[in-house]
Amino acid sequence: MLKFLINPSKFIKFSDLVFKPLVIFTLLVFIIGLFYVYKSPLDYQQGLTVKIMYVHVPSAYLAILIYAIMTIYSIIGLAFKMPFSFIINKAIAPIGAVFTLSCLISGSMWGKPMWGTWWVWDARLTSVAILFVVYLIIIFLYQTFENREVREKTVAIFILIGSINLPIIKFSVDWWNTLHQPASISKLSSPSIDISMLKPLLIMILAFSLIAVIIAILRIKAEILIRKSHL
Amino acid sequence: MSLRFQRLILILMTLLILGAALLLILFNTKKNIVFFYTPTELLENNISLENKIRIGGYIKKSSLTKKTLNEYEFKITDNKNELLVFYEGILPDLFREGQGAVVEGILNNKNYIIASRVYAKHDENYMPASIKKELKKNNQWKKEYK
């Protein structure tokens, strides 16, 4: 059933099947999401600037999720010698980098009016900046080494080392005093976002994820076809 | 045990050890990683008065006074200890009494800081502005909402 996640030809078949409906569905979710964001109320403290959240949070979430997926595929690729996992890693690394950049830019645009500064070197902001640099190194590493197998293994090991950053990003706001506020949605007690703001946020997270999936499908397919033509 | 599971265990163990090593480093350098000290931490720790320092906490209610056009004095508190802040400049939008803030500057003594920068800190609570009005009208506005 889930074979398409590890088998290239099954992946192409599966993606051809779902691609068109997926694009339509994504457009629909995105439009609904934007509509809800437009209708969402102003914050009692932050006013209109709170709407930056609907871009910032989905970007941050995807930046971390994509890296987590790359970590899992690196483990699978290295341990079970599955070459398709390296294809996926190569295809989705730039997507993660873009979402990390989007998170950093929207975050600093949010920080300027609210905190009074574009950037500070607190633990959360610094660890996300490191994540962005790690993504860039991964992308550049794919341009190195003549031998493809050596290259892919090296990158996979580098991805694994970089994955240590993920828990640091997540828990940085709890472990240390930071300017960035702690998590709102994933609190163990009830979420501290009002439902009228949580709903558009969740829809936007879904919309961003779907867009990421669409780009990922296109890139993975292209990568598979390139490799086939080289054989 | 098959070769692939040996590799899997090797990878997971390596990650675990690397992660543990990094955590040890991070928690032992906690002093350098925190963005600010609270007023209590300032009193308890041996912090030199010469260097720039950041202190964070809540802005004490009815402590903000305007000295001149853009010179302010207010108190930062963590509900145990407090610190008097002098600041010349523009305050951020979110700056108000009861709200969290971080100030950066040079300590005059352990109770008085001349700030060169003030950051407002916002918490993880989000609420529509209309609800605040409703709550206030029904006298259900609680202090912890701030």
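Reminder, nothing fancy here: chain letters follow the sequence lines and each chain counts from 1.
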Under 3.5 Å side-chain donor-acceptor pair for A/Asn177 and B/Thr38: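 Side chains of A/Asn177 and B/Thr38: no pair found under 3.5 Å.
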Residue pair B/His122 / A/Gln45, side-chain donor-acceptor N/O under 3.5 Å: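 B/His122 vs A/Gln45: no donor-acceptor pair found between side chains.
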What part of [X] lies closer than 4.5 angstrom to a heavy atom of chain A: side chain, backbone, both or neither?
| X | answer |
| --- | --- |
| B/Glu41 | side chain |
| B/Leu23 | side chain |
| B/Leu8 | both |
| B/Leu10 | neither |
| B/Phe95 | neither |
| B/Leu18 | both |

Which bit of [X] is near chain B, if near means a heavy-atom gap under 4.5 Å: side chain, backbone, both or neither?
| X | answer |
| --- | --- |
| A/Met197 | side chain |
| A/Ser163 | side chain |
| A/Trp175 | both |
| A/Ile157 | neither |

Ring geometry between A/His180 and A/Trp115 (parallel below 30°, tilted from 30 to 60°, perpendicular above 60°):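 Rings of A/Trp115 and A/His180: perpendicular, as their planes differ by over 60°.
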Short N-O contact, B/Lys61 and B/Glu97, less than 4.0 angstrom: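 Result for this pair is no, no salt bridge flagged.
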